[in-house]
2 protein chains.
Amino acid sequence: MSTSAPILAVMTPTREALIAAAADLLDRGGPEAVTLREVGRAAGVSHNAPYKHFADKSELLAAIAARELSRQSEIIAARDGPVLSARDLMHGYVRRALRYPERFKLTFRRWERDAAGLGEAASQAHGLLVAAVTCAQAAGELPSGDPERMSSLVRGLAHGAADLALSGHLKSGGKGNADPDTLVDDLFDYLRLAAAK
Amino acid sequence: MSTSAPILAVMTPTREALIAAAADLLDRGGPEAVTLREVGRAAGVSHNAPYKHFADKSELLAAIAARELSRQSEIIAARDGPVLSARDLMHGYVRRALRYPERFKLTFRRWERDAAGLGEAASQAHGLLVAAVTCAQAAGELPSGDPERMSSLVRGLAHGAADLALSGHLKSGGKGNADPDTLVDDLFDYLRLAAAK
DNA sequence: ACCTGAACACCGTTCAAGT
DNA sequence: ACCTGAACACCGTTCAAGT
């Protein structure tokens with residue numbers, strides 16, 4: 001029974017330490033602070049030991065992004081309370097983006113290939129949202145229609161609001177009422193109105 | 001009368017050539033392709049001539065971002081036809097993001113200071129949207145309320161949909177109906193329904 | 001005022017060994 | 001199988017001059 005382990009957990013300790021060190025450097029000083037030499041130093045290995053675990057620097061960064069997407073799913077799935085609503089899911093999305101801005105920006109870079117199982121981690125997180133949206137549609141809180149499409153709509157807003165906030169493009173207004181969480185609530189409120197026809 | 005010139009037009013030709021060369025390198029090969037040496041070569045000057053016009057590399061990149069925001073405003077303002085609707089404005093926003101993905105990503109980096117008049121260029125573009133949103137609210141196409149806040153909502157969705165599309169996070173669905181333009185239209189359709197109470 | 005060439009420190013990557 | 005140290009090409013930045 002205990003022989004089956006999560007796929008992503010199959011990692012040598014050194015590899016995991018390298019990813020952790022790189023993520024830490026990223027959080028502290030942005031992408032420019034992530035040098036393979038500093039990563040190796042922080043992980044207690046030589047400056048080119050990373051090449052035994054990743055093809056190049058880009059692959060190490062992709063591993064950070066994949067880890068971040070997986071953690072997002074884990075945080076949601078590990079809740080013992082009631083299932084999160086689509087609205088709460090999006091508030092969590094915004095919250096994590098604002099808490100780890102550099103990881104957020106890194107996660108949504110334009111990655112070349114389907115590197116480091118990044119696609120699987122992303123679709124798993126998206127699946128949880130689609131389920132929550134379907135539930136909200138059944139309750140009449142969201143308009144009916146393709147749940148995938150509705151999920152993309154609400155996530156598009158949450159993602160854009162978070163990204164605009166991080167890049168400082170949401171504070172032009174004097175009242176300061178346009179923070180990402182407010183916009184998420186606004187959208188859900190309007191969608192409920194639209195659902196009531 | 002003709003003595004007053006646009007502020008951003010006050011630039012030495014070399015400075016402008018450096019920005020153009022850097023933007024071109026960015027479009028072709030992403031941020032990693034933008035090296036000061038290559039920029040100088042493309043502009044026909046030495047590899048450190050940029051330091052006579054910009055404090056460092058970051059300031060040159062910020063100048064590209066500011067130019068991109070200004071152009072966005074110019075494109076909108078230079079139309080001789082009828083004033084663009086808020087919906088068309090957002091379609092144009094998505095269109096430009098997909099056409100120049102690297103510039104789009106660069107524009108929404110987390111810039112340190114208010115570098116290179118980036119803030120002014122951004123608020124000018126935002127002002128055009130607020131005007132269009134106010135107009136749509138008067139016509140009953142959008143719910144009433146603070147126009148700034150409503151503008152942030154629609155731009156948040158357009159921005160997020162474009163960014164998700166660029167990073168490949170919008171193609172998970174099988175039907176492929178979740179492209180950014182569709183999401184923009186969906187939002188405006190739902191908002192019109194909500195406006196009709 | 002604007003530009004150049006040499007120089008320095010640093011980084012990604014490779015390679016020949018080492019256990 | 002995993003790691004190390006030296007080496008190479010490249011890049012951002014600085015500086016002393018040059019016109």
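On a predicted model such as this, the values are computed, not experimentally measured, just so you know. Proteins get letters first, then strands, A, B, ... in listed order; numbering begins at 1 in each. Only this structure's heavy atoms are used, side chains among them; waters, hydrogens and symmetry mates stay out.
Heavy atoms of other residues, nucleotides or ligands lying less than 6.0 angstrom from CZ of B:R110 number more than 12.
At least one side-chain nitrogen or oxygen of B:H53 sits closer than 4.0 Å to the OP1 or OP2 atom of C:dC3. Taking only side-chain nitrogens and oxygens, A:T14 comes nearer than 4.0 Å to OP1 or OP2 of D:dC3.
For residues 31-44 of chain A, the set of pairs meeting the side chain to side chain donor-acceptor pair (under 3.5 Å) definition, not counting sequence neighbours, comprises A:E38-A:R41. Sorted by first and then second residue, the ring-ring contact (aromatic ring centres under 6.0 Å, His included) pairs with a member in residues 20-46 of chain A form an empty list; sequence neighbours excluded. Every pair tested for salt bridge (Lys or Arg N to Asp or Glu O under 4.0 Å) that includes a residue from residues 121-130 of chain B fails, sequence neighbours excluded, so the list is empty.
With sequence neighbours excluded, the residues forming a salt bridge (charged side-chain N to carboxylate O under 4.0 Å, His left out) with A:D27 are A:R103, listed by chain and number. In this view, B:D88 satisfies the salt bridge (charged side-chain N to carboxylate O under 4.0 Å, His left out) rule with no residue, not counting sequence neighbours. Taking the side-chain contact (heavy atoms from CB on, under 4.5 Å) definition, one finds that A:A132 meets it with A:A86, A:L89, sequence neighbours left out. Judged as a ring pair (Phe, Tyr, Trp, His ring centres under 6.0 Å), and not counting sequence neighbours, the contacts of A:F104 are A:F108, A:H159. Residues passing the side-chain contact (heavy atoms from CB on, under 4.5 Å) test with A:A49 are A:V45, A:S46, sequence neighbours excluded.
Remark: P of D:dT14 and CG of B:D56 are 8 Å apart, rounded to the nearest angstrom. When the P atom of C:dC2 is taken as reference, atom CG of B:L18 falls 12 Å away, rounded to whole Å. Counting to the nearest Å, the P atom of D:dC2 and the CZ atom of A:F54 are 12 Å from each other. Counting to the nearest Å, the P atom of C:dC11 and the NZ atom of B:K57 are 14 Å from each other.
Looking at which nucleotide of DNA chain C each of A:A55 and A:E38 is closest to, the 5′-most match is held by A:E38.
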Where each pair must be Watson-Crick or G-U wobble with both distances under 3.5 Å, what dot-bracket representation of DNA chain D is obtained, with crossing pairs in [ ] and other-strand partners as |? ||.|||||...|||||.||
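Within a heavy-atom distance below 4.0 Å of DNA chain C, the residues of residues 27-37 of chain B found are B:R37. DNA chain D lies under 4.0 Å from at least one heavy atom of each of the following residues of residues 43-51 of chain B: B:H47, B:N48, B:Y51.
A donor-acceptor pair under 3.5 Å is absent between the side-chain atoms of A:E68 and the main chain of A:T107, judged by distance alone. Although no hydrogens or angles enter the test, the distance criterion places no donor-acceptor pair under 3.5 Å between the side chain of A:D185 and the main chain of A:F188.
With salt bridges taken as basic N to acidic carboxylate O contacts below 4.0 Å, none links A:R87 and A:E141. Between B:K105 and B:D163 a salt bridge is recorded (basic side-chain N to carboxylate O distance below 4.0 Å).
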What's touching nucleotides 17-19 of chain C from the protein side, N or O pairs under 3.5 Å?
none

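For the C1' atom pair drawn from C:dC2 and D:dA17, the interatomic distance equals 13 Å after rounding to whole Å.
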